[in-house]
Amino acid sequence: MDKGLHFMFCVLTTVLLLRESSHAGENIWPTMLDTDLMGPEENLPTLTVTTILEDPYVMVRRAELEGYCIDLLKALASMLHFSYKVKVVGDGKYGAVSSNGSWTGMIGEILRKEADIAVAPLTVTSAREEVVSFTTPFLQTGIGILLRKDTMSQEMSFFHFLAPFSKETWTGLLFAYVLTCFCLFLVARLSPCEWNEPKNEENHFTFLNSLWFGAGALALQGVTPRPKALSVRVIAAIWWLFTIALLAAYIANFTALLSSGSEQLPIQTFEDLVKQRKLEFGTLDGSSTFYFFKNSKNPIHQMIYEYMDKRRDHVLVKTYQEAVQRVMDSNYAFIGESISQDLAAARHCNLIRAPEVIGARGFGIATAQASSWTKKLSIAVLKLRELGDLDYLRNKWWETSCLHKSRERWSPLQPQALGGLFLTLAIGLALGVIAAVVELSNKSRHAAGHVKKSCCSIFTEEMCTRLRIKENARQSQETSGRANA
């Protein structure tokens with residue numbers, strides 16, 4: 001009999017609870033603390049917590065709430081010894097001043113005493129701080145731009161193969177090539193080992209042939225003429241080493257450019273976003289981000305606000321989920337909290353956040369003004385940060401399922417990076433020229449002993465003969481004489 005009465009009592013109690021929940025018609029999830037933590041007989045204060053459904057802060061999984069804010073709430077309740085019940089904000093908004101002067105969203109519910117605190121990705125702003133109190137921020141964030149990767153990809157330039165080196169580097173390489181070829185040409189004419197009888201032999205290292213020799217080395221191909229003198233071989237060897245190191249640097253930088261897709265993104269900053277015409281852009285309607293641009297004095301920010309305000313019905317979105325879906329489905333850029341955009345990029349591998357982040361701000365817990373819970377919650381948040389619990393929650397809920405490659409900032413190779421290579425080439429060219437002069441001096445010394453002339457005069461004559469100075473002077477004199485006649 002007692003068992004039957006007990007069973008009937010449990011059934012009636014369950015029916016009444018279900019009826020009361022259905023009659024209330026509110027999205028309320030009671031979440032009591034574990035009795036092992038607080039003790040079964042301890043009277044705990046119960047707080048009504050308002051929040052908003054946003055991944056990963058608050059999500060519904062198997063008829064229960066979970067997420068970053070739920071875990072944070074559990075940690076705070078364990079530390080401060082209170083119980084709580086969570087309700088999702090009725091209008092689905094964060095909190096802004098409506099046209100009639102009243103507050104909407106979670107801020108409005110706190111002001112109307114429908115909730116004691118708001119634990120959500122709620123940005124601390126001066127306007128909200130005037131009507132409610134905020135704790136120490138539990139997350140730091142800013143305003144960023146969320147884009148789809150394929151909408152922001154640039155068409156490769158026809159001369160994209162020149163991208164691995166900067167313009168200054170290409171200019172330096174061209175100068176080094178011409179200088180090296182000229183040194184080859186000069187040393188091949190001066191060296192008696194390369195050109196022994198200038199009057200009877202033809203010098204194969206003409207300037208054009210020297211240019212061809214240098215170009216062949218760039219392509220790692222052996223070309224004629226082949227150097228015979230030590231001086232010419234020194235210059236040729238140092239040029240070969242230079243080209244091998246240069247090609248290695250070019251291939252490495254070009255491979256990094258192609259594999260990482262790190263060509264400069266067309267939308268790096270908010271100024272780039274305003275200047276382009278391909279993408280529409282907007283933010284959450286009534287969010288702190290929208291009012292940030294409205295109140296900013298920055299000309300770029302004002303242009304963004306005017307664009308969004310004129311197209312309010314078309315570019316402003318109601319929820320964060322709608323914004324992410326619109327970015328994935330259309331040519332749309334979403335302006336919002338950078339930390340939420342990082343999560344979207346982690347969950348959806350075809351999304352990316354632009355580099356620039358502005359308007360540093362934080363997410364705080366909102367309470368009623370003069371509430372005794374504000375300071376308690378702030379101290380608890382600071383303790384959780386010092387213990388590393390906030391970092392643990394951040395890593396837990398922002399874990400990515402994408403196999404992201406590290407996207408390092410890529411830039412063309414500057415001349416400073418190849419400074420040692422250019423210096424080595426310069427030293428090699430100088431050694432080659434010195435070696436050619438020494439070879440010519442040795443020949444002049446031996447010739448001076450046979451013809452009984454000074455070494456300097458023989459050296460000068462050899463230089464003039466090899467460089468055709470006398471011949472050119474004689475031809476100019478004959479030309480001027482004919483003109484006078």
Side-chain angles (χ1 to χ4, degrees), residues 145 147 149-187 207-221 223 234-279 300 333 352-357 405-433:
I145 308 169
L147 305 153
K149 289 181 179 179
D150 57 355
T151 60
M152 52 181 288
S153 59
Q154 296 187 106
E155 293 183 0
M156 288 191 178
S157 169
F158 188 73
F159 295 100
H160 191 64
F161 67 93
L162 297 176
F165 292 159
S166 65
K167 294 179 181 179
E168 295 79 7
T169 304
W170 284 116
T171 303
L173 292 177
L174 180 61
F175 177 77
Y177 168 70
V178 174
L179 179 62
T180 302
C181 295
F182 176 76
C183 288
L184 274 174
F185 165 73
L186 178 64
V187 169
F207 188 66
L208 290 179
N209 285 344
S210 299
L211 291 174
W212 178 246
F213 183 89
L218 283 173
L220 301 181
Q221 300 295 319
V223 294
V234 168
I235 295 179
I238 204 67
W239 177 245
W240 290 337
L241 293 175
F242 179 84
T243 55
I244 290 174
L246 179 68
L247 289 174
Y250 177 86
I251 293 172
N253 216 29
F254 195 53
T255 303
L257 169 64
L258 295 179
S259 61
S260 64
S262 54
E263 64 273 5
Q264 292 298 313
L265 306 178
I267 298 179
Q268 294 271 337
T269 64
F270 285 88
E271 184 176 359
D272 296 335
L273 184 64
V274 172
K275 290 180 179 179
Q276 59 83 37
R277 293 294 180 266
K278 182 179 179 181
L279 300 179
I300 300 297
I352 191 172
R353 179 175 60 82
E356 185 181 35
V357 175
K405 295 180 180 179
S406 59
R407 179 176 290 269
E408 299 179 355
R409 187 70 176 243
W410 179 90
S411 60
L413 202 61
Q414 300 296 326
Q416 294 82 357
L418 301 175
L421 199 58
F422 283 106
L423 178 61
T424 303
L425 178 64
I427 294 174
L429 296 180
L431 289 176
V433 173

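Throughout, residue positions are numbered sequentially from 1 according to the sequence presented.
- Counting heavy atoms from C-beta on, the side chains of L173 and F422 come closer than 4.5 Å.
- At least one donor-acceptor pair under 3.5 Å links the side chain of W170 to the backbone N or O of L162.
- To the nearest 0.5 angstrom, L273 atom CG is 7.5 Å from F270 atom CZ.
- What you find for L425 and A176 is that their closest heavy atoms are CD2-CB, 3.8 Å.
- A distance of 4.5 Å separates CG of L211 from OH of Y177, quoted to the nearest 0.5 Å.
- Atom CH2 of W212 is surrounded by 12 or fewer heavy atoms from other residues, nucleotides or ligands within 6.0 Å.
- A distance of 9.5 Å separates CD1 of I238 from OG1 of T180, quoted to the nearest 0.5 Å.
- Scanning both residues, A333 and L147, for their nearest heavy atoms gives CB-CD2, 3.5 Å.
- Inter-residue side-chain proximity for L184 and W239 is flagged as unmet; no heavy-atom pair is nearer than 4.5 Å.
- Taking 4.5 Å as the limit, some side-chain heavy atom of L421 sits within range of a side-chain heavy atom of F242.
- The side chain to side chain donor-acceptor pair (under 3.5 Å) test applied to T171 returns no partner, not counting sequence neighbours.
- The nearest pair of heavy atoms linking I235 to G432 is CG1-CA, 3.8 Å.
- Under a cut-off of 6.0 angstrom, the local environment of CZ in F175 is sparse, with at most 12 non-hydrogen atoms contributed by other residues, nucleotides or ligands.
- E271 meets the side chain to side chain donor-acceptor pair (under 3.5 Å) test with K275; sequence neighbours excluded.
- Paired with V234 under the rule side chain to side chain contact (heavy atoms under 4.5 Å, CB included), one option of L429, V187, L431 passes, and it is L431.
- In plain terms, the two heavy atoms of K278 and Q276 that are nearest each other are N-OE1, 2.8 Å.
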Side-chain donor-acceptor distances from residues 412-420 under 3.5 Å, at least two apart:
{"from": "Q414", "atom 1": "OE1", "to": "S166", "atom 2": "OG", "distance (Å)": "3.4"}
{"from": "Q414", "atom 1": "NE2", "to": "P412", "atom 2": "O", "distance (Å)": "3.4"}

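- Residues D272 and T269 have side chains in contact (heavy-atom distance under 4.5 Å, counting atoms from C-beta outward).
- Closest non-hydrogen pair, C181 versus G214, comes out as SG-CA, 4.2 Å.
- Using a 4.5 Å cut-off on side-chain heavy atoms (C-beta onward), Y250 and T169 make no contact.
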